[in-house]
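Heads up: the structure comes next, in structure tokens.
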Number of protein chains: 2
Amino acid sequence: MPAADLDYLDRAILSKLQEDSRTIAESIGAQIGLSAAAVQRRIKRLRETGVIAREVAVVEPKSVGVHMTFVVMVEMERERIEVLDAFRKQVLGDPAVQQCYYVTGTADFVLVVACRDMTEFEEFTRRMFFDNGEVRHFTTSVVMDRVKVGLSVPLHGD
Amino acid sequence: MPAADLDYLDRAILSKLQEDSRTIAESIGAQIGLSAAAVQRRIKRLRETGVIAREVAVVEPKSVGVHMTFVVMVEMERERIEVLDAFRKQVLGDPAVQQCYYVTGTADFVLVVACRDMTEFEEFTRRMFFDNGEVRHFTTSVVMDRVKVGLSVPLHGD
DNA sequence: ACTGAAAGCTTCACTCT
DNA sequence: AGAGTGAAGCTTTCAGT
């Protein structure tokens, strides 16, 4: 998605929807000086062009029995494309992995992992790391506080 | 929100809405064997009880000119409550910080930071770390690939 | 929990600038 | 092209069963 040309109105709309995707067009329009229909049209276009990639419900983990979050740094044995791609695939298919970044530095991947408890995390490490000969090393940080959790992108005039 | 009692239908609904919050109740109902109204009522309750914390639009960063993501490990000078809280506050107010976790281990905080470019990130490090006497050390990893990005929580039968 | 009516939001066609 | 208005369409909400 190579930078669609968005004016300040589009950005204002995105800013609202990043906060709460259920904000109705009429209310957004009132705040930025546009009719509801005009806002709708823009939202539609933002969705179609992929600027709005998806709209999701954020579930409170504790309310569904998921009490622990971990940040895991993973170092692979070899940085061969095949090895990396296989790991990527495994990560994409594992529901415990909320996020995975391929990064520069000593670690190759940074994972954010959500589990019900420590036992479930141990099972996770086994299937993801110990049963995988290509993982050289991993270090786990237990999350004590989720200070800020979101996917909001900074939109210049924030 | 200490674990509301959710049955498998609630979990199925959450699973759908985590994927796409615009999935209409009728379609969810058809898949799990419930009327649209019943699904609606459950969704309403899930929202009111905070199981669904929020509903947000996920913006594709590149489409708004945000081309770089970083994972930053931060080590504080002292682990005094005051110091930590001040940092938390700063993080919450900074739009470049997508996520911040307070963690065990050598680092105190793990940050996911989104910026337009390297220059903006350098400005960020200055205001967040260098101008802050309480930050002892930080290490930056540049994200080369956002393999998996989401906030979806594992719901047992996934 | 389901059905059907009412309300609300979005979408479309049309017109205007 | 993009903005506003008003009607049609769809989704959600609220009664009543």
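To find a chain, count down the sequence lines: A is the first, B the second, and so on, and within it residues start at 1.
Note on B/Ala25: only backbone sugar-phosphate atoms sit closer than 4.0 angstrom, heavy atoms only; bases stay farther off.
As a whole-Å value, the separation of A/Glu55 CD from D/dT11 C1' is 15 Å. The distance between atom CD1 of A/Ile24 and atom C1' of C/dT10, rounded to the nearest whole Å, is 11 Å. Rounding to whole angstrom units, CG of residue A/Asp5 and P of D/dA1 are separated by 13 Å. To the nearest angstrom, C1' of C/dC9 lies 12 Å from CZ of A/Arg47. With rounding to whole Å, B/Ile32 atom CD1 is found 10 Å from C/dC2 atom P. In this entry the distance linking CD1 of A/Ile28 with C1' of D/dG4 reads 18 Å, nearest Å. One interatomic measurement links the two molecules: CD1 of B/Ile43 to P of D/dC14, which rounds to 14 Å at whole-angstrom precision. Atom pair A/Arg41:CZ and C/dC9:C1' shows a separation of 15 Å (rounding to whole Å applied).
When the nucleotides D/dT11, C/dC2, D/dT5 are ranked by their closest atom to the side chain of B/Leu34, C/dC2 comes out on top. Nearest to the side-chain atoms of B/Ala37 among the listed nucleotides C/dC12, C/dT10, D/dC14 stands D/dC14. For B/Glu26, counting side-chain heavy atoms from C-beta on, the closest listed nucleotide (C/dC12, C/dT10, D/dT11) is D/dT11. Of the candidate nucleotides C/dC9, D/dG4, C/dC2, D/dG4 has the atom lying nearest to any side-chain atom of A/Ser35. Residue B/Arg22 has its side chain nearest to C/dT11 when only C/dT11, D/dC14, C/dA1 are considered.
For the pair A/Arg146 and B/Tyr102, the cation-pi criterion (under 6.0 Å, within 45° of the ring axis) is not fulfilled.
Within 6.0 Å of CD on A/Glu26 lie no more than 12 heavy atoms contributed by other residues, nucleotides or ligands.
In summary, the aromatic rings of B/Phe109 and B/Phe87 are positioned with their centroids under 6.0 Å apart. Outside the 6.0 Å centre-distance limit, the rings of B/Phe124 and B/Phe70 are not counted as a close aromatic pair.
Across the interface with DNA chain D, nearest-nucleotide mapping of A/Val39 and B/Gln40 shows A/Val39 to be the residue nearer the 5′ end.
Side-chain N/O atoms of A/Gln31 and A/Lys16 include a donor and acceptor closer than 3.5 Å.
Not a single donor-acceptor contact under 3.5 angstrom links the side-chain atoms of A/Arg42 to the base of D/dG2.
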